[in-house]
Amino acid sequence: MKLEVQDLAIAFDTHQVLKQINFKVKDGEFVSLIGASGCGKSTLFNALAGILSPQVGSIYVDGEAVQGISAHFAYMPQNDLLLPWKTILDNVTMYARIHHNLKEAKTKAMQEMAVFGLQGYEYSYPDELSGGMRQRAAFLRTALCGAKIMLLDEPFGALDVITRNEMQDWLLKLRNEMNKTALLVTHDIDEALYLSDRIFILGERPATIIKEIDVSKCEKTRDWLFQQGALRKEIFTILQEQAHAA
């Protein structure tokens, strides 16, 4: 098992945010976390990334306990956070520059530019790129970190619906080539269905995983997604019930 979380709990002062979070993620699996705003999805990511320390519980990667910030996780937030005064090549190799491995990283980045739809823009600046291209650059930067587990916190949330759909199609095709385990935080039910092997639904605070939906056996296409009215309604109903119970 690539990632295992056992009985994770986090509180801020007297406010319990996460309670008894338990799940396992297999190597190469893509899992989405979906829940109402403020239920603790990003807090969970911060705990996995080592930014927050859980009061209770354990995190294991490849069977070994992980505490604090580690090289196992690469965190991609909603905003691309590209430095406007740096070229795309310099932006995507920022991690390597910090860790003194720049030459090798630039070679790898140049090899991956075409795969990430950035060929010909290596020496462009962020303000010369579209929103979708900036997010692809942010993805490449995250992938080049070398971590085997990607934490994607609403990476398409700021994009318009057409660009967001295009990015989802792109990521679905890219998944097998990346050879990464990925966790995605999203508010978009369709996005979760389309990209995921499994979906974890989080309840209201103190949040725990109240339902798991397995869609790993489905052949994902837009036509398939359009036919998932019943499953979409099931997820929406659970989220609505949790919101009213809060």
Side-chain angles (χ1 to χ4, degrees), residues 1-26 29-61 65-70 72-79 142 147 149-158 164 168 181-216 228 231-246:
M1 197 60 60
K2 190 66 180 179
L3 172 64
E4 183 172 358
V5 174
Q6 294 182 355
D7 297 324
L8 196 73
I10 292 179
F12 299 119
D13 296 325
T14 59
H15 300 288
Q16 190 80 32
V17 180
L18 301 176
K19 179 181 179 182
Q20 291 185 323
I21 299 290
N22 291 278
F23 64 86
K24 298 178 181 180
V25 180
K26 293 179 289 187
E29 193 173 18
F30 196 111
V31 172
S32 287
L33 305 172
I34 193 166
S37 296
C39 74
K41 301 183 296 297
S42 294
T43 299
L44 174 57
F45 266 24
N46 286 334
L48 294 174
I51 299 169
L52 292 175
S53 297
Q55 284 79 28
V56 179
S58 302
I59 299 167
Y60 297 91
V61 175
V66 176
Q67 291 183 331
I69 295 174
S70 76
H72 294 296
F73 298 95
Y75 196 166
M76 180 180 170
Q78 179 175 342
N79 296 321
T142 306
I149 304 174
M150 299 178 70
L151 305 176
L152 311 175
D153 194 351
E154 295 192 77
F156 307 141
R164 185 163 66 242
Q168 291 165 359
T181 303
L183 280 75
L184 169 72
V185 160
T186 181
H187 287 97
D188 188 331
I189 295 173
D190 282 355
E191 183 168 85
L193 287 169
Y194 192 48
L195 294 176
S196 307
D197 295 307
R198 288 185 294 153
I199 301 168
F200 297 154
I201 303 178
L202 273 67
E204 285 295 322
R205 290 189 179 187
T208 190
I209 295 173
I210 59 174
K211 189 174 181 64
E212 175 186 324
I213 296 174
D214 190 333
V215 287
S216 61
Q228 301 311 304
L231 190 50
R232 188 183 295 110
K233 181 179 180 181
E234 178 186 349
I235 296 171
F236 176 80
T237 300
I238 294 171
L239 295 173
Q240 188 177 50
E241 289 173 350
Q242 289 296 309
H244 289 164

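What you see is a predicted model, and the numbers here were worked out from it, not measured in a lab.
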Enter the distance from [X]:[atom1] to [Y]:[atom2] here, rounded to the nearest 0.5 Å.
X    : Y    : atom1 : atom2 : answer
F200 : L44  : CZ    : CG    : 10.0 Å
L193 : R232 : CG    : CZ    : 7.0 Å
L151 : M76  : CG    : CE    : 12.0 Å
K233 : Q240 : NZ    : CD    : 10.5 Å
K41  : E154 : NZ    : CD    : 6.5 Å
E241 : I210 : CD    : CD1   : 8.5 Å

Query raised in the report: Is there a donor in the side chain of T186 and an acceptor in the side chain of D188, or the other way round, less than 3.5 Å apart?
Result: no
Tell me, do [X] and [Y] make a side-chain contact under 4.5 Å, heavy atoms counted?
X    : Y    : answer
T181 : M150 : no
L202 : I34  : no
R164 : E191 : yes
V66  : Y60  : no
V31  : L184 : no
D214 : D197 : no

Report task. Would you confirm whether E29, through its side chain, and K26, through its main-chain N or O, come within 3.5 Å as a donor-acceptor pair? Result -> yes
Requested in this report: Starting from the C-alpha separation in whole Å, work towards a yes-or-no answer on side chain to side chain contact (heavy atoms under 4.5 Å, CB included) for F23 and L183.
Outcome: CA-CA 12 Å; F23 64 86; L183 280 75; 4.0 Å; yes
Query raised in the report: Could you walk me through whether I201 and L239 pass the side chain to side chain contact (heavy atoms under 4.5 Å, CB included) check?
Result: CA-CA 8 Å; I201 303 178; L239 295 173; 3.8 Å; yes
Requested in this report: Can you sort out the partners of A74 under side-chain contact (heavy atoms from CB on, under 4.5 Å), two or more places apart, ordered by chain and number?
Outcome: T142, C145, A147
Query raised in the report: Quick check: are there more than 12 heavy atoms from other residues, nucleotides or ligands sitting under 6.0 Å from NZ of K19?
Result: no
Taking all non-hydrogen atoms of both residues into account, name the closest pair between [X] and [Y] and its distance.
X    : Y    : answer
L33  : F45  : CD1-CE1, 3.6 Å
A207 : I21  : O-CD1, 3.4 Å
I59  : A47  : CD1-O, 3.6 Å
G40  : L18  : O-CD2, 3.6 Å
A182 : L152 : CB-CD1, 4.5 Å

Can you list, pair by pair, the side-chain donor-acceptor contacts under 3.5 Å of residues 3-13, counting residues two or more places apart and other chains?
residue	atom	partner	partner atom	Å
E4	OE2	Q6	NE2	2.8
D7	OD1	N22	ND2	3.2

**Report entry** Test log, rule side chain to side chain contact (heavy atoms under 4.5 Å, CB included), inputs V61 and I149
**Finding:** CA-CA 9 Å; V61 175; I149 304 174; 4.1 Å; yes
Query - Pair R198-I213, side chain to side chain contact (heavy atoms under 4.5 Å, CB included): steps then yes or no - result: CA-CA 6 Å; R198 288 185 294 153; I213 296 174; over 6 Å; no
